[in-house]
Amino acid sequence: MALPRPVVLGNWKMNGLRADGLALAGALAERAANLSGTLGIFPPATLVGEVARRVAGSPVIVGGQDCHEKPSGAFTGSVSAAMLADIGAGAAIVGHSERRHGLCEDDALVKAKAEAALAAGLLTVLCIGETEEEYLAGRQIEILERQLAGSLPGSGNADRLVVAYEPVWAIGTGRTPTIGEIGRTHAELARMVAAKVAGDPVALLYGGSVKPDNAADIMGIDHVDGVLVGGASLDAGGFWNIYTAGGGV
Ligand code: PGA
């Protein structure tokens, strides 16, 4: 069964000590006792277990921002998908641009991570997106096609896999593509993903400078099933308003 829409996910990045993180998660869980859509939060790895316990009993999904491609072993500093699942995570992000570009993760590694997350039973959020240089050269579709070919896991289906289109130049900058541009890109993305993943349509998210005041316009676009939110997910009220702007109750 496909994930209920809208799919609104909040990536806290490297933000949140225990007190703030638990307060944020608690405030969200109070609003989200019943959900028509899908709401997820991705705290730093240190808080995944505690946040999962804090929201237990609500439908809010808690996930890791990354996972290692192997289940266990001599990989200092890394966290496996099975470890995330073991502490209550239901999801993992893989291929975020801050890891692709900041930590040199390539498509093959991202694919291995996505497959590890799926194997651990996690909802897997695969991020793709072009750089500003590629955007200015009009190469979005070519780049997305290449990233999908290289990093989309072989075994995903629509209730376990989400694809997030996040233009690198729109992340944390306050800039977004136009509504028309997002619409054209997502129409192509829908076609490309459908050609690779059989069955129900995979949820396609837009990410990059999504705020309460642009969320309704963005989620009103065809083939945009939800959003992946960074900075604006650190405020419970604002993040909830983004969810409701997408039609979620
Ligand atoms: P932003 O981040 O909403 O702060 O632009 C989005 C993301 O990195 O997922």
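Order of appearance sets the numbers: ligands from 1, and atoms from 1 within every ligand.
In this structure, Val168 and Glu130 have side chains that are not in contact, with every pair of non-hydrogen atoms separated by 4.5 Å or more. Between Leu39 and Pro59, every side-chain heavy-atom pair lies at or beyond the 4.5 Å cut-off. Val8 places none of its side-chain heavy atoms less than 4.5 Å from the side chain of Thr38.
We find that Glu145 and Lys196 are not joined by a salt bridge, their nearest charged nitrogen and carboxylate oxygen being 4.0 Å or further apart.
Distance check: Glu134 CD to Arg139 CZ gives 5.5 Å after rounding to the nearest 0.5 Å.
For Gly172, a nitrogen or oxygen atom sits less than 3.5 Å from a nitrogen or oxygen atom of ligand 1, counting backbone and side chain alike. Geometrically, ligand 1 and Glu166 share a nitrogen or oxygen pair separated by less than 3.5 Å. Backbone and side-chain nitrogen or oxygen atoms of Gly231 are examined, and one is located within less than 3.5 angstrom of a nitrogen or oxygen of ligand 1. Checked by distance only, ligand 1 and Lys211 stay at 3.5 Å or farther apart across all their nitrogen or oxygen atoms.
With respect to atom 3 (O) of ligand 1, the closest heavy atom belonging to the protein is Gly230 N, 2.8 Å.
One N or O on the side chain of Arg100 and one on the backbone of Gly95 form a donor-acceptor pair closer than 3.5 Å.
Under a 4.0 angstrom heavy-atom cut-off, Gly207 registers as lying outside contact with ligand 1.
Residue Ser209 approaches ligand 1 through these ligand atoms, each under 4.0 Å from one of its heavy atoms: 1 (P), 3 (O), 5 (O). Less than 4.0 angstrom separates some heavy atom of Gly208 from each of these atoms of ligand 1: 5 (O).
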